[in-house]
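See structure below.
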Amino acid sequence: MIQSIDYYAVAPLLILALTAGLVLLLDAFLPRRPYVRPALGAVTLAGVIGALAVVVSQALRIGDPLRTFCVPEGLLGSPRAAIGAIASPGIEQTATPAAAAPCSFVVDGFTLVFAGLALAAGIVVVLLSAAELSFGDIPVGEWYFLLLCTLAGAVALPASRDLIMLVVALELVSLPVFALTALRRYDGRSSEAAVKLFLVSVVSTAVMLFGVSLLYGTTGTVYLGRIAEALQQRVLGAPGLRLVLDGADTAYGSSPEIGHDLPAVVTVAVVLVIAGFAFKIAAVPFHAWAGDVYQGAPIPVAALLSVISKAAGFAGLILILVVALGGQGAIWVPLIAIIAALTMTVGNLLAMRQRHAVRLLAWSSVAQSGYILAPLGAGRPEAMNASIAYLVFYAAMNLGAFAVVTLVSRRSGKGELDDYRGLAFRNPAAGLALAFFLICLAGLPPGLAGLFAKIVVFRELLGGGGGWLAVVMAVNTVAGLYYYIAWVVRIFTPATEGTETTGRAAGWIPAGVAIAVAGIVAVAFSVAPQLVLDLVPGALIAAG
């Protein structure tokens with residue numbers, strides 16, 4: 001039997017993959033001329049915009065979620081409740097086919113929000129890449145190929161509804177970033193950052209795969225929806241079980257030990273999966289790599305890590321927790337709440353000590369991860385909507401800040417906060433834009449986008465009984481004001497004569513366009529936050 005493929009459902013992935021192949025071919029066969037670099041950037045940008053256009057058309061479509069890569073009819077069995085699970089001694093369980101065949105790829109509201117976020121952020125990253133590649137010391141074809149591969153993984157991950165595809169998509173997001181970080185081949189800091197990122201990612205993947213294998217071993221299925229069914233049907237084992245699966249019976253002479261051990265196995269699996277994703281999103285205590293990697297990587301890669309990679313990590317985490325482990329909230333809700341509190345606190349404390357712009361944004365990004373995680377610690381299914389809304393607000397603000405940092409770094413190679421002293425006088429547009437993005441991240445007027453983002457999270461925490469976590473977040477929000485305001489003050493402080501402004505100013509046009517795009521979106525979110533809130537309806541995730 002052959003699975004049918006809905007090519008419209010996977011069209012964004014196909015566009016990104018074909019564009020990646022085209023970029024490599026053009027880079028290999030076009031003559032080495034000055035026009036090649038901008039031409040490859042234009043092809044990449046066109047591919048990302050084309051994929052985003054398909055996602056928008058899917059969002060405007062009326063009807064049921066798109067599903068593909070489904071189990072062919074006739075091959076579908078029933079997930080076993082758990083190893084050694086039985087209803088009562090001597091009762092024979094017979095597996096019955098499920099009402100609908102599970103699918104590995106589902107395009108629903110959740111998928112469209114995250115795919116749209118990744119591709120919109122990808123447009124800004126491509127523009128920043130054009131500024132970075134204008135120096136000529138990075139291979140252009142490889143850069144854009146790897147970037148498109150990362151975007152393909154970020155689009156595929158929220159549509160994944162089985163463990164195998166989820167892991168493959170997550171690694172497709174992660175693996176190209178190692179090479180992107182190291183493509184500045186003669187920069188020792190980039191090489192060091194790439195090695196650190198590689199080691200951390202390998203460890204996180206190993207930990208997560210161990211947890212995934214335990215989930216599969218205890219439920220007998222890789223599909224997220226059927227994992228939830230199996231865990232809900234689980235009952236402690238007892239002697240005399242005879243489990244009939246698809247006509248073949250399997251006898252267990254005595255299984256009380258297996259049954260009693262099962263809850264511990266499930267708990268270990270949940271903890272390991274959360275730990276694996278915590279590495280990906282730089283949550284405490286798996287955050288130590290962030291500062292060095294962000295500083296050592298090219299700025300567009302740091303922007304990619306802070307938004308696209310982080311969004312992919314949160315998409316996977318939400319799918320696992322809400323779809324597969326929704327019935328195990330007693331295990332993971334308090335754990336997520338503690339991780340969120342630690343992440344926002346440690347991130348803000350480390351950000352206060354920074355004097356380097358990218359390192360400050362790195363630790364600020366860690367703190368923001370804590371804010372995004374916080375609603376999941378409230379213990380309500382609809383809490384994920386607040387996390388998604390905050391993530392969308394955060395993406396626009398953070399990408400804008402990185403865009404201005406890219407522009408300023410063209411003129412001053414140090415990247416210190418003091419390089420921004422007097423920026424509002426030297427370059428009023430860039431200075432005012434950066435000040436606005438930082439005020440948004442702080443959650444202060446007129447940066448209402450950040451304020452609305454935090455209000456959404458506070459409302460969810462208070463409504464879900466997470467009062468103590470709301471207090472922790474309030475304290476951290478005030479603490480975050482210190483370093484954001486300190487940076488803004490530098491922007492409006494007249495520069496001393498010793499401030500360096502000499503450097504390579506090439507690539508300012510794409511960086512300026514990236515600033516304008518992020519600024520327009522951030523202003524739109526500040527004026528009409530309902531644009532984001534309408535993206536997260538109550539029933540966002542369709543069953544696989």
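What you see is a predicted model, and the numbers here were worked out from it, not measured in a lab.
Residues F437 and I515 approach most closely at CZ-O, 4.0 Å, considering heavy atoms. Heavy atoms only, all atoms of each residue included: A118 and A154 are closest at CB-CB, 3.8 Å. The two residues W363 and A290 make their nearest non-hydrogen contact at CZ3-CB, 4.2 Å. Minimum heavy-atom separation, V126 to G41: CG1-O, 4.0 Å. Taking both residues in full, the closest heavy atoms of L117 and A395 are given as CD1-CB, 3.4 Å, listed atom of the first, atom of the second, then distance. Minimum interatomic distance between L461 and A374 (heavy atoms only, all atoms of both residues): CD2-O, 3.3 Å.
Atoms CG and OG1, from L175 and T150 in turn, are 9.0 Å apart once rounded to the nearest 0.5 Å. Going from atom CG of L25 over to atom CZ of F145 covers 10.5 Å, rounded to the nearest 0.5 Å. With values rounded to the nearest 0.5 angstrom, L441 atom CG is found 5.0 Å from M397 atom CE. Note that CZ of F286 is 6.5 Å distant from CD1 of I339, once rounded to the nearest 0.5 Å. Here the OG atom belonging to S409 is positioned 10.0 Å from the CG atom belonging to D419, to the nearest 0.5 angstrom. Note that OH of Y483 is 9.5 Å distant from CG of L349, once rounded to the nearest 0.5 Å.
Looking at N398, its side chain never comes within 3.5 Å of a backbone N or O of Y394 through a donor-acceptor pair. For the pair R426 (side chain) and Y420 (backbone), a donor-acceptor distance under 3.5 Å is absent. Looking at S204, its side chain does come within 3.5 Å of a backbone N or O of S201 through a donor-acceptor pair. The backbone N or O of G296 lies less than 3.5 Å from a partner atom in the side chain of S190, making a donor-acceptor pair. In this structure, R37 contributes its side chain and L133 its backbone to a donor-acceptor pair below 3.5 Å. The backbone N or O of I372 sits less than 3.5 Å from a side-chain atom of S387, completing a donor-acceptor pair.
The shortest side-chain heavy-atom distance between L304 and L147 falls under the 4.5 Å cut-off. When side chains are defined from C-beta on, Y390 counts as touching K454, because their heavy atoms get closer than 4.5 Å. In this structure, F114 and L157 have side chains that are not in contact, with every pair of non-hydrogen atoms separated by 4.5 Å or more. Side-chain contact between Y294 and W289 is present, with heavy atoms from C-beta onward closer than 4.5 Å. A 4.5 Å side-chain heavy-atom check between Y484 and S364 finds at least one atom pair inside the cut-off. No side-chain heavy atom of D418 sits under 4.5 Å from any side-chain heavy atom of R355. Side-chain contact between L321 and I274 is present, with at least one heavy-atom pair separated by less than 4.5 Å. By the 4.5 Å heavy-atom criterion applied to side chains, T111 and Q58 are not counted as neighbours.
Atom OH of Y482 has 12 or fewer neighbouring heavy atoms from other residues, nucleotides or ligands inside a 6.0 Å radius. More than 12 non-hydrogen atoms from other residues, nucleotides or ligands lie less than 6.0 angstrom from CZ of F492.
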May I have the step-by-step check of side-chain contact (heavy atoms from CB on, under 4.5 Å) for V408 and L423, ending in yes or no? CA-CA 9 Å; V408 174; L423 180 62; 4.0 Å; yes

CA sep, side-chain torsions, deciding dist, call: V202, F198, side-chain contact (heavy atoms from CB on, under 4.5 Å): CA-CA 6 Å; V202 166; F198 173 75; 3.7 Å; yes

Contacts table for residues 310-317: side-chain donor-acceptor under 3.5 angstrom, sequence neighbours left out:
| from | atom 1 | to | atom 2 | distance (Å) |
| --- | --- | --- | --- | --- |
| K310 | NZ | I281 | O | 3.2 |
| K310 | NZ | S365 | OG | 3.3 |
| K310 | NZ | S369 | OG | 2.6 |

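With respect to the salt-bridge test (charged N to carboxylate O, under 4.0 angstrom), the residues E416 and R359 do not qualify.
Counted by atom type alone, Y144 and T19 present zero donor-acceptor pairs between their side chains at under 3.5 Å.
If you run side-chain contact (heavy atoms from CB on, under 4.5 Å) between L146 and each of L183, V23, V301, only L183 comes through.
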